[in-house]
Amino acid sequence: MSRMTLDRLLQSQGFGTRRHCQQLVADGHVRIDGTPVTDLRIQFDPTGIEFTVFEEPWVYREHVYLALNKPAGYECSRRPSHHPGVLSLLPEPMRWRGVQPVGRLDHDTTGLLLLSDDGRFIHAQSSPRRKVPKRYVASTHDAVTPELVAAMLAGVQLHDEPAPLAAVQCETLGPNRIAIALEQGKYHQVKRMLAAAGNHCTALERVAIGGLRLDALDLREGDWCHLAEPELGMLLADGSGGTR
Ligand code: URA
């Protein structure tokens, strides 16, 4: 990683315009090893550098890979219209540096949502060719029956799809709870598949993507965390350790 001045480093991490970052440094709000650094000429190797801005600790990261436990009532779109956007749950520098959701969950769907500012990662994760199962737990209005589970596994026809869509795993979790794993990510897919099979989804949570399970991240609703190499590797796994 090439060396950079502190204002450039801050700018790359989402602390605002170059001018604003220069001002933060000049005003002594940025510390490294507890000492304010005000000299804008010093060049740093940014790799893994730890610093504080207004006493809040940060670590330099070329890109960020985040997991959010999305609460209900937040939109994943970049320009939310009816509900607050999921980006409002992140610190401001994450928005400045261009973090975006990887794919979408409906505003009323909860659970595991990935976010990143790495366009290649977002593109690779969102590719329809990527056959990584996404696991959901749905609550249903009517009882979950063996016929419903069988229909999910056999495939149901959605009216704007050329062929039936099937779950790669499906099991009953309770009288009105069903676990469903899908390899595609079509619009409202779980809800529409349940409706096409004659039931109705009343609540939906995404509990895993590949081998990365939400419960293993220990995030309360609305909380987020950085994902490091081991967790990013789990996204590639098929997660065939059960649907919940
Ligand atoms: N399927 C849905 O119906 N909604 C989601 O948010 C995700 C999958």
Side-chain angles (χ1 to χ4, degrees), residues 66-90 100-116 122 125-142 144 148-149 151-174 176-215 217 219 221-224 235 238-239 242-244:
L66 312 178
L68 170 74
N69 185 355
K70 180 189 171 298
Y74 285 83
E75 287 182 26
C76 290
S77 65
R78 289 172 80 183
R79 284 181 202 78
S81 46
H82 300 298
H83 304 273
V86 287
L87 296 179
S88 68
L89 296 164
L90 303 179
Q100 295 173 33
V102 179
R104 291 189 180 190
L105 292 175
D106 299 334
H107 82 274
D108 54 355
T109 300
T110 60
L112 181 57
L113 180 70
L114 305 178
L115 303 106
S116 180
I122 294 175
Q125 284 291 324
S126 323
S127 164
R129 284 199 298 272
R130 193 181 196 88
K131 296 281 181 234
V132 170
K134 299 189 173 74
R135 298 166 191 280
Y136 299 88
V137 171
S139 301
T140 57
H141 180 269
D142 298 320
V144 172
L148 178 67
V149 173
M152 291 292 120
L153 289 169
V156 289
Q157 184 65 52
L158 304 183
H159 86 268
D160 54 353
E161 291 296 328
L165 295 174
V168 286
Q169 285 182 359
C170 185
E171 62 184 283
T172 304
L173 296 179
N176 292 77
R177 268 162 63 83
I178 188 169
I180 299 171
L182 300 176
E183 282 184 347
Q184 316 86 353
K186 310 273 183 193
Y187 180 66
H188 293 332
Q189 188 172 341
V190 173
K191 293 173 187 166
R192 289 196 299 149
M193 284 176 69
L194 287 170
N199 208 316
H200 174 69
C201 178
T202 55
L204 186 61
E205 180 185 20
R206 183 154 69 191
V207 296
I209 299 174
L212 184 67
R213 296 169 63 121
L214 180 62
D215 58 4
L217 296 173
L219 292 173
E221 278 199 8
D223 283 354
W224 60 275
L235 291 172
D238 72 358
T243 24
R244 177 117 225 193

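All ligand and atom numbering here is 1-based and tracks the order in the structure.
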Contact check, side chains of [X] and [Y], non-hydrogen atoms, under 4.5 Å:
| X | Y | value |
| --- | --- | --- |
| Leu113 | Arg206 | yes |
| Glu205 | Leu112 | no |
| Leu114 | Leu235 | yes |

For Glu161, all residues meeting side-chain contact (heavy atoms from CB on, under 4.5 Å), sequence neighbours excluded: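 Listed in chain order: Gln157, Leu158, Leu165, Lys186, Arg192.
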Geometric class of the His200/His141 ring pair [parallel <30°, tilted 30-60°, perpendicular >60°]: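 Rings of His141 and His200: perpendicular, over 60°.
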Short N or O contacts of ligand 1 with protein, under 3.5 Å, listed by atom name?
residue: ligand 1; atom: 1 (N); partner: Gln189; partner atom: N; Å: 3.4
residue: ligand 1; atom: 1 (N); partner: Val190; partner atom: N; Å: 3.1
residue: ligand 1; atom: 3 (O); partner: His188; partner atom: O; Å: 3.2
residue: ligand 1; atom: 3 (O); partner: Gln189; partner atom: N; Å: 3.4
residue: ligand 1; atom: 3 (O); partner: Val190; partner atom: N; Å: 3.3
residue: ligand 1; atom: 3 (O); partner: Lys191; partner atom: N; Å: 3.0
residue: ligand 1; atom: 4 (N); partner: Asp106; partner atom: OD2; Å: 2.7
residue: ligand 1; atom: 6 (O); partner: Asp106; partner atom: N; Å: 2.8
residue: ligand 1; atom: 6 (O); partner: Asp106; partner atom: OD2; Å: 3.4
residue: ligand 1; atom: 6 (O); partner: Thr109; partner atom: OG1; Å: 2.8

Matching residue for Arg135 among Ile180, Leu182, Val207 - test: side-chain contact (heavy atoms from CB on, under 4.5 Å):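 Of all the options given, the one that passes is Val207.
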